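None of these values were measured; they are calculated from a predicted model. Numbers for residues simply follow the sequence, beginning at 1.
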Amino acid sequence: PTIADPEAKGALINGHISNYSINDSITKINFYTTDIIEGTLDYQAIIDSSGRFSVDLPVKGVKDFGIYYKTWVNLILSEGDKIELAFDNNDTVPKMFYETAKISGGDSTLNKNFFKYLSGNPKNLRRHYRHMYTLNPDSFKKCYDSVVFIKKRYADDFLDENRISEELKSWIQVDTYYIPAMRLLGYDINQRMFNSGNSEPAKLPGEFYSELKNLPELSPEHLINSELSRGFTNYYTGYLEGKIRKETGNSTGNIDSVIIRNFIDDNKDNPLLAQLAVNEKLKNVFENNDLAYYNRNKNLFEEVFKGSFFEPLHKTKIEEIEELLANPIIPAKAELLTFQTADSTKYLDEIIKNANGKVVYIDSWATWCGPCKSEFKNGTPELKLKFGEQVEFVYLCYQSKKELWKPAISQFKIEGKHYFLEKEEDDYLKGQISLKGYPWYTLINKKGEIVKSGFEYRPSVPATTDLLTELIAEQE
């Protein structure tokens with residue numbers, strides 16, 4: 001069920017994009033899946049001048065992957081697969097890809113049937129739901145019921161008319177029942193988002209979420225559909241937690257244990273769903289390397305996962321975190337610094353002075369910030385590889401537990417100058433760089449002037465590379 005496994009054999013994809021031009025601005029193809037423990041995992045393959053690419057993806061068992069080139073499509077991979085995939089550069093919508101792509105190797109029959117199922121899907125549901133989220137609850141539910149009926153009828157007809165593998169049946173069952181339920185669970189938050197200015201939650205009818213009572217029981221085979229352990233579980237956990245907090249009025253001493261116990265009690269007939277919900281809480285704990293939440297509820301977690309495939313995965317992950325916390329290895333080119341001045345209004349001046357006339361790139365982050373860490377993993381290494389010593393990379397850690405600061409630097413191998421800011425000393429600096437959230441990036445020219453400051457100047461964004469190049473080329 002998980003792919004973050006040292007024994008996973010992986011799956012090799014060799015691909016060719018016909019009609020690819022070396023002048024095309026897209027030079028990489030991205031692959032995404034969801035791991036039970038690690039969350040979303042993403043990989044990239046470089047496209048050469050002839051339109052060819054190759055990527056070796058870690059796979060344990062059978063799992064779907066999202067692929068992004070000029071549109072989002074899906075592929076199912078099995079452990080040990082060697083796949084040949086060919087598609088056209090002009091396939092800019094999923095239906096075109098699924099109808100014209102050629103695939104061989106591995107279980108090509110499974111993927112051909114998978115493509116056939118996806119190409120015939122009767123509605124662009126993502127776009128349809130965007131409109132539905134603007135409706136009031138009663139109107140939304142009527143549209144929702146109609147969409148679900150159409151989707152179920154299409155799935156039933158497809159299963160009747162085609163001989164398909166058990167793996168694909170499991171994927172389709174999740175797509176038919178759990179993904180529409182995810183859209184239902186997303187109504188409250190999305191309704192507020194799409195009706196800008198209306199932050200008040202809609203008053204939902206008593207039976208609004210009645211569909212959740214009819215979800216089929218899950219088995220580990222259903223995890224082939226990564227949306228189950230990504231989008232659905234996220235929304236479902238948020239829904240249950242919100243309902244419990246509302247019912248208890250947040251007044252219970254250990255609200256965490258109450259929430260976990262309710263996850264279990266609400267899903268006695270669907271134990272894997274209960275485990276996925278509880279595991280969703282643990283994923284956040286693991287991501288932040290903060291075991292305090294786990295330790296507070298250790299007995300309950302052990303009860304939930306005893307004898308399941310989760311148990312050894314959690315044990316391994318906890319041991320990794322404990323080792324990281326006890327022995328963080330700081331990169332040789334990382335400096336853990338403290339400001340020499342006692343005047344916090346002079347912190348930025350000190351950073352600029354220590355750069356000795358170089359362009360400065362300040363990354364403001366927090367140990368609990370998922371997008372911050374995603375950039376550390378996927379954007380920062382490439383940015384540093386390009387600019388090397390030409391840019392002064394400075395990292396300011398805010399609003400975090402200090403004992404988690406060094407482990408994060410170690411985990412993501414973040415080279416550069418690091419400062420940990422205590423709460424009482426960060427206000428003035430926040431104002432200087434106009435910090436409004438995390439991550440936040442500030443670019444300073446050779447004259448010591450702030451040129452840009454905002455969340456949009458992430459390491460992974462091409463515009464950041466362009467701007468740094470311009471600043472380096474400027475004369476002092």
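Interatomic distance, S170 OG to L223 CG, rounded to the nearest 0.5 Å: 9.5 Å. How far OG1 of T464 is from CG of L383: 7.0 Å, rounded to the nearest 0.5 Å. Remark: I164 CD1 to L159 CG distance equals 4.5 Å, nearest 0.5 Å. From I17, atom CD1 reaches atom OG of S50 across 9.5 Å, with rounding to the nearest 0.5 Å. Separation of atoms OG (S453) and NZ (K436) is listed at 8.0 Å; rounding is to 0.5 Å. Atom CH2 of residue W368 and atom CG of residue N284 lie 12.5 Å apart, to the nearest 0.5 angstrom.
A heavy-atom distance below 4.5 Å is found between the side chains of I472 and V391. Here the side chains of F420 and L336 are not in contact, with every heavy-atom distance at 4.5 Å or above. Residues E456 and V461 are not in side-chain contact: their nearest non-hydrogen atoms beyond the backbone lie 4.5 Å or more apart. With a 4.5 Å cut-off on side-chain heavy atoms, L276 and F310 count as touching.
The backbone N or O of I36 lies less than 3.5 Å from a partner atom in the side chain of N279, making a donor-acceptor pair. Under a 3.5 Å cut-off, the side chain of N354 and the backbone N or O of E350 do form a donor-acceptor pair. Here the side chain of T176 pairs a donor or acceptor atom with the backbone of I172 at under 3.5 angstrom. In this structure, T33 contributes its side chain and D64 its backbone to a donor-acceptor pair below 3.5 Å. In this structure, the side chain of S119 engages the main chain of K116 through a donor-acceptor pair within 3.5 Å. Under a 3.5 Å cut-off, the side chain of E79 and the backbone N or O of K60 do not form any donor-acceptor pair. The main-chain N or O of W171 is never found under 3.5 Å from a side-chain atom of D175 such that the two would form a donor-acceptor pair. The backbone N or O of S78 lies less than 3.5 Å from a partner atom in the side chain of D81, making a donor-acceptor pair. Listed for the T380 side chain is a donor-acceptor partner under 3.5 Å among the backbone atoms of E375. Listed for the H16 side chain is no donor-acceptor partner under 3.5 Å among the backbone atoms of E84.
Taking all atoms of both residues into account, the shortest heavy-atom contact from N289 to L404 is O-CD2, 3.3 Å. When all heavy atoms are compared, the tightest approach of F114 to L75 is CE2-N, 3.8 Å. Of all heavy-atom pairs spanning Y187 and L135, the tightest one is OH-O, 2.7 Å. Considering every non-hydrogen atom in both K281 and Y293, the closest pair reads CE-OH, 3.3 Å. What you find for A408 and I414 is that their closest heavy atoms are O-CD1, 4.0 Å. Across all their heavy atoms, L212 and A181 have their closest contact at CD2-CB, 4.0 Å.
The existence of a salt bridge linking K315 and E319 is confirmed by a sub-4.0 Å separation between a basic side-chain nitrogen and an acidic carboxylate oxygen. For K452 and E470, the salt-bridge test fails: no basic side-chain N is under 4.0 Å from an acidic carboxylate O.
Heavy atoms of other residues, nucleotides or ligands lying less than 6.0 angstrom from NZ of K353 number 12 at most. Atom CD of E389 has 12 or fewer neighbouring heavy atoms from other residues, nucleotides or ligands inside a 6.0 Å radius. In the displayed structure, E217 atom CD is contacted under 6.0 Å by more than 12 heavy atoms of other residues, nucleotides or ligands. Heavy-atom contacts from other residues, nucleotides or ligands closer than 6.0 Å to NZ of K430 number more than 12. For K283, the NZ atom counts as densely surrounded, since its 6.0 Å shell holds more than 12 non-hydrogen atoms of other residues, nucleotides or ligands.
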Side chain to side chain contact (heavy atoms under 4.5 Å, CB included) between L85 and N111, intermediate numbers included: CA-CA 11 Å; L85 177 66; N111 273 300; over 6 Å; no

Could you go through E392 and K417, starting from their C-alpha distance and side-chain angles, then the distance that decides it, and tell me whether this counts as salt bridge (Lys or Arg N to Asp or Glu O under 4.0 Å)? CA-CA 8 Å; E392 180 91 313; K417 294 182 175 180; 2.7 Å; yes

Applying side chain to side chain contact (heavy atoms under 4.5 Å, CB included), run through D290 and I321 and close with a yes or a no. CA-CA 8 Å; D290 189 351; I321 294 171; over 6 Å; no

Worked verdict on L272 versus F309 for side chain to side chain contact (heavy atoms under 4.5 Å, CB included): CA-CA 10 Å; L272 180 53; F309 65 83; 4.1 Å; yes

I351 and L396: CA distance, side-chain angles, deciding distance, side chain to side chain contact (heavy atoms under 4.5 Å, CB included) verdict: CA-CA 11 Å; I351 290 171; L396 305 178; 4.1 Å; yes

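For the side-chain contact (heavy atoms from CB on, under 4.5 Å) test, residues two or more places apart in sequence or in another chain that qualify with S219 are E221, H222. Listed by chain and number, the residues in a ring-ring contact (aromatic ring centres under 6.0 Å, His included) with F115 are F97, Y98 (sequence neighbours excluded). For K317, the salt bridge (charged side-chain N to carboxylate O under 4.0 Å, His left out) partners two or more places apart in sequence, or in a different chain, are E38, E320. Taking the salt bridge (charged side-chain N to carboxylate O under 4.0 Å, His left out) definition, one finds that E166 meets it with K169, sequence neighbours left out.
Aromatic ring orientation, Y117 versus F158: perpendicular (interplanar angle above 60°, classes split at 30° and 60°). Classified by interplanar angle (parallel below 30°, tilted 30° to 60°, perpendicular above 60°), the ring pair F232/Y236 is parallel. The aromatic rings of F376 and F412 sit tilted relative to each other, their planes meeting at an angle between 30° and 60°. Taking the six-membered ring where the residue is Trp, Y398 and Y438 present tilted rings, their angle falling between 30° and 60°. Taking the six-membered ring where tryptophan is involved, the planes of Y144 and F140 are essentially parallel, since the angle between them stays under 30° and well short of 60°.
In the model, T100 has a side-chain atom that pairs as donor or acceptor with a side-chain atom of D91 under 3.5 Å. In the model, N162 has no side-chain atom that pairs as donor or acceptor with a side-chain atom of N113 under 3.5 Å. In this model, no donor atom of one side chain and acceptor atom of the other lie less than 3.5 Å apart for D56 and Y43. Remark: the E449 side chain and the N445 side chain contain an N/O donor-acceptor pair separated by less than 3.5 Å. Side-chain polar atoms of T367 and W405 form no donor-acceptor pair below 3.5 angstrom. In this structure, a donor-acceptor pair under 3.5 Å is present between the side chains of N288 and K373.
A ring-centre distance under 6.0 Å is found for H314 and F305. Aromatic ring centroids of Y294 and F301 lie under 6.0 Å apart.
Among residue pairs with one or both ends in residues 453-472, none qualify as ring-ring contact (aromatic ring centres under 6.0 Å, His included); sequence neighbours excluded.
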Acceptor/donor pairs from residues 322-330 side chains to any protein atom, 3.5 angstrom cut, sequence neighbours excluded:
{"from": "E323", "atom 1": "OE2", "to": "N327", "atom 2": "ND2", "distance (Å)": "3.1"}

